[in-house]
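From a predicted model like this one, the values you see are computed outputs, not experimental measurements.
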Amino acid sequence: MGKSGHLSPPLEGGQAEAGTVDAEEIVGVFSVQNPHGLHARPAARLVSEVRGLDASVQLRNLTTGGPAVSAGSLSRVATLAALRGHEVEVRASGPQAQEAVEHLLTLAARRFDETAEEAAEPVATGPARSVGGPLPASPGIAIGPVRRLSAVPVDLDQGPRGEPAAEWRRIVEAVAAVRRDIEHVRVVTAREVGTEQASIFDAHLSLLSDAEMLADVKARTSSGISAVSAWAGCLADVEREWASLPDPYLRERAVDVHAVGDQVLRALTGEPARQMTSSGVLVAGDLTPAETAGLDLSLVTGVVLAFGSPTSHAAILARARDIPVVVAAGPEVLSIAEGSTVLLDGSTGELHVDPDSHLLAEYERRSADAGEQRARQLALAGEPATSLDGTSVVVAANLGSVADARAAVAAGADGAGLVRTEFLFLDRSSAPGVEEQHDEYVAIAETMAGRRITLRTLDVGGDKPLSYLPMPREANPFLGQRGIRLSLEHRDLLRDQMAAICRTAREFPTSVMIPMVSTPGEMVEARQVLLEAAGPAGLPEALHIGTMIEVPSAALKIEAFLPYVDFVSIGTNDLTQYTLAAERGNGAVTALFDALDPGVLQLIDHVCRAARGRIDVAVCGEAASDELAIPVLVGLGVRELSVSPSAVPRVKAAVRELDVARCAALAREALTMAGADDVRKLVLAMLSGAGA
């Protein structure tokens, strides 16, 4: 770029020259080329680029003649009201002033890298119709009016205010917590939906680090205003300013300010976020695990998600709560008018909007039939699951709370095949002590009324970070420090958990299970920590020690693990994603993720053959409740299936229909097939014949 001493007009195409006004200040001009002007996404890109440079940068809208604003503040850049064709002056000083101006002019010429798809006007949807493309995620039929999640307003006069420093510290902590949440959502959105769609969160992140806005909030707390009032007051001012911009598209971006402001307010006050307020079928873009876990079952009859995948944690939680769900239905479902009638089948992925009377009657009949079948299954749920030829299969439940344990007992579970102990460690500022853990484990054991419980040691890392546990940023956390790898790096934490487990095992039938093991050495180290935690009394006599088989290398080396374990439990979710290189929450590779892929089945077969007659083999992943997978797993030699509490009656009923000899023959044939679809067709053919 030329470096003349005079301010040059923009060049054709929106690029301008940067010129030196004096030895310290560099000035240039660009023309806004983005169809909607400098709205949230391009403005956030501009701000993030400026923040990475050692320069003080000011922007001024020459077309409107407005005042100069800081280029490092998204809340200020938005007030430029810079529309397409407007000329914006860039004025910079500091060590990297020249680089700053040149970089912004180049970026403006590229429209701040906003794609045509991002810049496109929203497309109006047509009349209500059957929606193509949804994926089944949680079985069941749901009929009802479309409902949205809404949030209860935050009380801005909550509680007494503390010292200014304490109030500011509360804001800093709340902003940091929300930033972590948004960053996580951004990563998941980029992975499941696309990087372009994920860029909508950049504006939210920029607002949370807006120096001018935060300085205003801090000044308010310094004057004696509470954290809640200071934050709410500042964000309300920014939102009003954005809402008063002349361009309607830019005015609409005030929703970004409101969304971020509300998230921080809820972090400050502990108020719950979105929730349903009337009964019907919930339609949303996606749900967080916390939102799914908090859904009111007296209101929600089913869920339709525009995005997501059948193997996401939200889908897993929905299955555990027996909520019919379809996912990946497409963004058009977000435009369905509230109150419109929808039908969905979470077993097939069918979704219909405003159905005619004949289709409505058909779904009502199918729903009634399914209800009668569930009632019959539940009536027999307390009985053992014994196949037609007399083979017993334990059907246990996967638990994450005492409430889950109550549901498991009511559903007839034979035990707890997996207790996810991380429920005790998440969403808090410090780890639970031995006493707290022991009390929770005992509460679950008492609820299970003498049935064996299997406590999996802390399984975090990957997509389940802990705020109080140092975890370095990893390029691929699913292949990094998680499960036992992380626990062995923090042995005090692991030792405390082992101590609580040993105490529980002296009172109730208890097993301990080690997650994410990939080498026998890790198992040896884990046993050593367990021995230390047991203390002088030694290991409880009734304690069973086992490991998860989630890593292909562990499955292949199973013989090397057998001397150290009493049982193994195959985690088909992780084993599948590692075997097929298809991340379980990634909608783009959903078609690849299938535990019935012969490659995965061959690993399970290898484990079962090595373990036969020596130790027990269980499956605790999603495949354990897949009615097309059950005959194959039983045929391979699996004799325990651990599923969500709601699935127990259905899985027991499925086992009672099996002939294990036929299943073994089926499994042998499945191992030779090319893909999961072939295996599923094979199982369907068997099940549709004269019994299984």
Quick check: closest heavy atoms across Pro649 and Pro645, and the distance to 0.1 Å?
CD-O, 3.9 Å
Kindly say whether Pro384 contributes a backbone atom to a donor-acceptor pair with the side chain of Arg656 at under 3.5 angstrom?
yes
Salt bridge between Asp404 and Arg420, side-chain N to carboxylate O under 4.0 Å?
no
Please check this pair: side chain of Thr301 against backbone of Gly280, looking for a donor-acceptor N/O pair closer than 3.5 Å.
yes
Tyr578 versus Pro552, closest heavy-atom pair with distance
CB-CD, 3.6 Å
Determine yes or no for a side-chain-to-main-chain donor-acceptor pair under 3.5 angstrom, with Ser625 supplying the side chain and Val643 the backbone.
no
Side chains of Thr576 and Asn573, heavy atoms from C-beta outward: is any pair under 4.5 Å?
no
When you look at Lys681 and Asp677, which way does the salt bridge (Lys or Arg N to Asp or Glu O under 4.0 Å) test go after all the steps?
CA-CA 6 Å; Lys681 290 174 184 175; Asp677 288 344; over 6 Å; no
Working note: Thr547 + Met513, criterion side chain to side chain contact (heavy atoms under 4.5 Å, CB included); need CA distance, chi angles, decisive distance, verdict.
CA-CA 5 Å; Thr547 183; Met513 184 161 64; 5.6 Å; no
If you apply the rule side chain to side chain donor-acceptor pair (under 3.5 Å), what do you find for Asp574 with Gln577, and how did you get there?
CA-CA 5 Å; Asp574 275 328; Gln577 77 168 346; 2.6 Å; yes
Looking at every non-hydrogen atom in both residues, tell me the closest pair between Ala396 and Glu640 and how far apart they are.
CB-OE2, 3.9 Å
Verify, without hydrogens or angle tests, whether Lys652 (side chain) and Ala381 (backbone) share a donor-acceptor contact under 3.5 angstrom.
yes
Do any N or O atoms from the side chain of Ser367 and from the backbone of Tyr363 form a donor-acceptor pair under 3.5 angstrom?
no
With side chain to side chain contact (heavy atoms under 4.5 Å, CB included) as the criterion, how do Ile604 and Val632 come out once you've worked through the C-alpha distance, each side chain's angles and the decisive distance to 0.1 Å?
CA-CA 10 Å; Ile604 297 173; Val632 181; over 6 Å; no
Any donor-acceptor pair under 3.5 Å from Glu522 side chain to Thr519 backbone
yes
Just by modelled atom types, is the Val395 backbone N or O under 3.5 Å from a matching donor or acceptor in the Asp414 side chain?
yes
Look up atom CG in Leu458 and atom CD in Glu422, then write down how far apart they are to the nearest 0.5 Å.
6.5 Å
May I ask you to test the Val517-Val551 pair for a side-chain heavy-atom distance under 4.5 Å?
no
Test item: Ser646 side-chain N/O and Arg319 main-chain N/O as donor-acceptor pair under 3.5 Å:
yes
Side chains of Val679 and Pro598, heavy atoms from C-beta outward: is any pair under 4.5 Å?
yes
Lys/Arg-Asp/Glu bridge criterion (N-O < 4.0 Å) met for Arg482, Glu550:
no
Heavy-atom check, side chain of Ser387 versus side chain of Val393, under 4.5 Å
no
Paired with Gln602, the side-chain contact (heavy atoms from CB on, under 4.5 Å) test is passed by just one of Leu671, Thr672, Thr579, namely Leu671
Charged N to carboxylate O under 4.0 angstrom, Glu627 versus Arg650?
yes
Test your reading of the model: is there a side-chain donor-acceptor pair from Arg452 to the backbone of Pro509, 3.5 Å cut-off?
no
Applying the side-chain contact (heavy atoms from CB on, under 4.5 Å) criterion to Asp369, which one of Arg366, Gln373, Arg365 satisfies it?
Arg365
From the options Leu666, Val619, Leu601, select the one residue that forms a side-chain contact (heavy atoms from CB on, under 4.5 Å) with Leu636.
Leu601
Please report the closest heavy-atom contact between Arg639 and Val634, naming both atoms and the distance.
NH1-O, 2.9 Å
With no hydrogens and no angle check, is any side-chain donor or acceptor of Asp566 less than 3.5 Å from a backbone partner on Gly546?
no
OG of Ser511 to CG of Leu543: how many Å apart, nearest 0.5 Å?
7.0 Å
CA sep, side-chain torsions, deciding dist, call: Thr572, Val600, side chain to side chain contact (heavy atoms under 4.5 Å, CB included):
CA-CA 8 Å; Thr572 52; Val600 179; 5.5 Å; no
Distance check, rounded to the nearest 0.5 Å: Leu343 atom CG versus His352 atom NE2?
6.5 Å
Should Met448 and Leu399 count as side-chain neighbours, where that means a heavy-atom distance under 4.5 Å?
yes
Closest approach of Ala408 and Ala397, non-hydrogen atoms and distance?
CB-CB, 3.6 Å
For a side-chain contact (heavy atoms from CB on, under 4.5 Å) with Glu440, tell me which candidate from Val402, Val419, Leu455 qualifies.
Val402
Between atom CZ of Phe567 and atom CG of Leu562, what is the distance when rounded to the nearest 0.5 Å?
13.0 Å
4.5 Å side-chain heavy-atom contact, Leu299 and Ser279:
yes
Quick one: do Asp389 and Arg662 make a salt bridge, cutoff under 4.0 Å?
no
Test log, rule side chain to side chain contact (heavy atoms under 4.5 Å, CB included), inputs Tyr441 and Thr510:
CA-CA 10 Å; Tyr441 302 154; Thr510 303; over 6 Å; no
